[in-house]
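We name chains A, B, ... by the order of the sequence lines, and we start the count at 1 in each one. When reading the values below, keep in mind they use all heavy atoms of this one structure, side chains included, and skip hydrogens, waters and symmetry mates.
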There are 2 protein chains.
Amino acid sequence: MRTPAELTERFRAQGLKITPQRVAVFDALHDNPTHPTAESVHSAVVARMPTVSLRTVYQTLNDLAEMGEISRLEVGTGSARFDPNVEERHHHLVCESCGMVRDLHVEVAPELGDDVPEGFEVVGAELVVRGRCRSCADKD
Amino acid sequence: MRTPAELTERFRAQGLKITPQRVAVFDALHDNPTHPTAESVHSAVVARMPTVSLRTVYQTLNDLAEMGEISRLEVGTGSARFDPNVEERHHHLVCESCGMVRDLHVEVAPELGDDVPEGFEVVGAELVVRGRCRSCADKD
DNA sequence: ACACAATCTGCAACCATTGTTAGAAATAAA
DNA sequence: TTTATTTCTAACAATGGTTGCAGATTGTGT
Ligand SMILES: [Mn+2]
Ligand SMILES: [Mn+2]
Ligand SMILES: [Zn+2]
Ligand SMILES: [Zn+2]
């Protein structure tokens, strides 16, 4: 994801308005490595602007995802996770116990072509590694 | 997944009762390569036993998953998919346009250990390859 | 400052899934 | 077979996450 300042540019270029709510979402995502849910982005935003609705957060997250500035992950933790790191191709590590999501910089399936049926256009590939993180394992 | 007959055995062994509803679910899953949703299992079951509720189908699918007879996949198509193929380890190919899910027999990330943080207990890894299937690509 | 289009909020609706419970059905005991 | 025990089913309500909607509000170019 670009910096909040650059996003402001891009939004303007598309005829979209710059509102304080949107900027607050940009800020909440910027350099955020936690793969937050919409709910947790909302919490962060509300800490500074108490009136912002969850609906608006979803709206902005969807807009950013549509522009390719962030990506939306479904890792089976109930709610979608949003990832501002679209620059580096990477995969994810998920703790099944606390829901933590971490980046995993691993190259995946080199000879993928072999088993993909003729005519299928591959768009992307996501690896999710599941397990328990250290702090969850220590708990019992 | 075992045959419906063998599942009948296993259910009895666990003190679970054999009902026609359950047998119908066993039958719907047996040798089914489509990775059906609960809804589509329900449709198949209802074709023979019109009164079976969706709740009962979910119940049985959960029981089977808990026993390890089937697995539940979250591939981002909205609803969970159920996979009776737990014998062969494999991954999946998903058409983003029609939701089709196909098996992908590919070996994944051999040197995975490198980037997994110390103390994280890996339970499993799932690769999802996304794109458009041939018939969807042909449509436009 | 004005006008207009885009946006925000609050709420209702939606979808997939699970909780609840009274009555029905399968199994075990007699 | 009849009865007793235990589990299951169906129907319905409730949940969590997300989106649709409408009227009030607010950026933005003039
Ligand atoms: Mn990431
Ligand atoms: Mn499969
Ligand atoms: Zn954890
Ligand atoms: Zn398709």
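Using a 3.5 Å distance cut-off with no hydrogens or angles, the side chains of A/Asp103 and A/His35 do pair a donor with an acceptor. With no hydrogens or angles considered, no side-chain donor-acceptor pair links B/His91 and A/Asp115 at under 3.5 Å.
Look at CD on A/Gln14: it is 15 Å from P on D/dT28, rounded to the nearest Å. Rounded to whole Å, atom P of D/dT28 lies 12 Å from atom CD of A/Glu9. Rounded to whole angstrom, the span from the CG atom of B/Leu61 across to the P atom of C/dT17 amounts to 10 Å. With rounding to whole Å, B/Gln21 atom CD is found 14 Å from D/dA11 atom C1'. Atom OH of A/Tyr58 is separated from atom P of C/dT9 by 15 Å (rounded to the nearest Å). Regarding A/Asn62, its CG atom lies at a distance of 9 Å from the P atom of D/dT18, rounded to whole Å. In this entry the distance linking CZ of A/Arg55 with P of C/dT7 reads 13 Å, nearest Å. Atom-to-atom, NZ of A/Lys17 to P of C/dT7 comes out at 6 Å; the value is rounded to the nearest Å.
Nucleic acid contact class of B/Ser79 (heavy atoms, under 4.0 Å, all strands): sugar-phosphate only.
In the interface, the side chain of A/Arg22 is not paired with the base of D/dG27 through any donor and acceptor atom under 3.5 Å apart.
Comparing B/Ile18 and A/Met49 along DNA chain C, the residue whose closest nucleotide (by nearest heavy atom) sits nearer the 5' end is A/Met49.
Taking only side-chain nitrogens and oxygens, B/Arg12 comes nearer than 4.0 Å to OP1 or OP2 of C/dT27. Note on B/Thr56: a side-chain N or O is less than 4.0 Å away from OP1 or OP2 of D/dA10.
Looking at B/Val25, B/Asp83, B/Leu61 one by one, the single match for side chain to side chain contact (heavy atoms under 4.5 Å, CB included) with B/Ile70 turns out to be B/Leu61.
When the nucleotides C/dC8, D/dT18, C/dT17 are ranked by their closest atom to the side chain of A/Thr19, C/dC8 comes out on top. Side-chain atoms of B/Thr51 lie closest to D/dA10 of the nucleotides D/dG20, D/dA10, D/dT9. You'll find that the side chain of B/Arg72 is closest to C/dT17, out of C/dT17, D/dT9, D/dC8.
Taking CD from A/Gln21 and CZ from A/Arg55, the interatomic distance works out to 13.5 Å, rounded to the nearest 0.5 Å. A distance of 11.5 Å separates CE of B/Met100 from CZ of B/Arg132, quoted to the nearest 0.5 Å.
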